[in-house]
Amino acid sequence: MALDLTAEHKILLALATKAQKNAHAPYSNFYVGAAILDENAQHHASCNVENAAYPLGQCAEAGAISAMIASGSKHIKHILIASPNDNFCPPCGGCRQKIAEFADAQTEVHMATKKGELKTVKFTELLPLAFGFDKE
Ligand code: THU
């Protein structure tokens, strides 16, 4: 998809990319960043944080969601995931369910490659019939 970034995309991409650089990913070496725009026009970003006990690792999206909740916001308007390579990095199944908790039918998920290509989908395209998702 052609690079066509709005001002908001650029902010989210910059924040996700900045967090991505701080990822703790010594086991997979797969550095991911995520950034959210919430209902209060606040931004939140995080990166993946792995652990020597592999299943304890946390995805970048989960960290960004935690930061949003800790700030007092409750709704994801946009979430952008920055991939470490030239493939898009769609949220894993677990993260889709975590996003569902704070998304609605308008929530947009943006995926950015390392070279800055962007792909946007509605959250409901990523997780149709999500459990516990009854928002318009
Ligand atoms: N990862 C994320 O942070 N977000 C995703 O959407 C997919 C995967 C992380 C988890 C793990 O630290 C590494 O990428 C490899 O799977």
Side-chain angles (χ1 to χ4, degrees):
M1 189 174 291
L3 188 65
D4 181 21
L5 294 182
T6 66
E8 183 53 42
H9 287 130
K10 282 183 189 162
I11 293 169
L12 287 168
L13 181 58
L15 291 170
T17 305
K18 187 173 177 213
Q20 181 182 29
K21 291 186 171 62
N22 296 325
H24 177 71
Y27 307 105
S28 72
N29 212 29
F30 192 82
Y31 283 50
V32 184
I36 288 172
L37 173 70
D38 72 26
E39 79 276 23
N40 297 313
Q42 301 299 308
H43 293 95
H44 312 279
S46 194
C47 54
N48 51 332
V49 182
E50 297 183 348
N51 193 282
Y54 294 174
L56 296 181
Q58 178 170 275
C59 287
E61 295 91 323
I65 290 170
S66 293
M68 179 188 80
I69 294 303
S71 81
S73 294
K74 286 277 183 200
H75 179 65
I76 301 169
K77 290 183 80 170
H78 296 266
I79 182 166
L80 182 145
I81 300 105
S83 165
N85 57 37
D86 290 338
N87 296 317
F88 294 114
C89 178
C92 75
C95 284
R96 293 179 197 203
Q97 185 64 36
K98 288 179 184 178
I99 294 167
E101 186 74 16
F102 305 108
D104 66 18
Q106 277 71 51
T107 297
E108 291 188 355
V109 179
H110 311 283
M111 291 156 276
T113 65
K114 189 175 181 185
K115 67 181 171 199
E117 277 184 309
L118 197 74
K119 181 176 187 162
T120 296
V121 295
K122 284 270 168 65
F123 169 71
T124 49
E125 292 175 68
L126 280 186
L127 192 61
L129 295 176
F131 178 73
F133 187 83
D134 55 5
K135 288 158 277 187
E136 302 275 313

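We count ligands from 1, going down the list as the structure has it; atoms in each ligand are counted the same way.
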Visitor: Just so I know, are the side chains of Glu108 and Lys77 near enough to count as touching, which here means a heavy-atom distance under 4.5 Å?
Guide: no
Visitor: Within less than 4.0 angstrom of ligand 1, does Cys89 place any heavy atom?
Guide: yes
Visitor: Given Glu8 and His43, is the side chain to side chain contact (heavy atoms under 4.5 Å, CB included) satisfied, shown in steps?
Guide: CA-CA 10 Å; Glu8 183 53 42; His43 293 95; 2.8 Å; yes
Visitor: If only side-chain N and O atoms count, and only distance matters, is there a donor-acceptor pair under 3.5 Å linking Gln58 with His24?
Guide: no
Visitor: Can you tell me how the ring of His9 sits relative to the ring of His78, calling it parallel under 30°, perpendicular over 60° and tilted otherwise?
Guide: perpendicular
Visitor: Using non-hydrogen atoms of the residue, decide whether Pro91 is closer than 4.0 angstrom to ligand 1.
Guide: yes
Visitor: Side-chain contact test, heavy atoms from C-beta onward, threshold under 4.5 Å: evaluate it for Leu15 versus Leu80 and give yes or no.
Guide: no
Visitor: Decide whether an N or O pair under 3.5 Å exists between Glu50 and ligand 1.
Guide: yes
Visitor: Contact between ligand 1 and Cys92 is defined here as a heavy atom of the residue under 4.0 Å from a ligand atom; is it met?
Guide: yes
Visitor: Look up atom OG1 in Thr107 and atom CD in Glu125, then write down how far apart they are to the nearest 0.5 Å.
Guide: 12.0 Å
Visitor: With a heavy-atom distance limit of 4.0 Å, tell me whether Cys59 approaches ligand 1 through its side chain, its backbone, both, or neither.
Guide: both
Visitor: Please determine whether residues Phe102 and Val109 belong to a single hydrophobic cluster, defined as Ile, Leu, Val, Met, Phe, Trp and Tyr linked transitively by side-chain heavy-atom distances below 4.5 Å.
Guide: yes
Visitor: Among all protein heavy atoms, pick the one closest to atom 9 (C) of ligand 1 and tell me residue, atom and distance.
Guide: Asn48 ND2, 3.5 Å
Visitor: At what distance is the nearest protein heavy atom to atom 3 (O) of ligand 1, and which residue and atom is it?
Guide: Ala60 N, 2.9 Å
Visitor: Say whether Ile81, considering both its backbone and side-chain N or O atoms, lies within less than 3.5 Å of an N or O atom on ligand 1.
Guide: no
Visitor: Which bit of Pro90 gets closer than 4.0 Å to ligand 1, counting heavy atoms only: side chain, backbone, both or neither?
Guide: backbone
Visitor: Please determine, by modelled atom types, if Ser71 and Gln42 share a side-chain donor-acceptor pair under 3.5 angstrom.
Guide: no
Visitor: Check whether any protein heavy atom sits under 4.0 Å from atom 16 (O) of ligand 1.
Guide: no
Visitor: Just need the protein heavy atom nearest to atom 6 (O) of ligand 1, so name the residue and atom and give the distance.
Guide: Glu61 OE2, 2.5 Å
Visitor: Identify, by atom number and element, the atoms of ligand 1 in contact range of Ser28, meaning under 4.0 Å from any of its heavy atoms.
Guide: 13 (C), 15 (C)
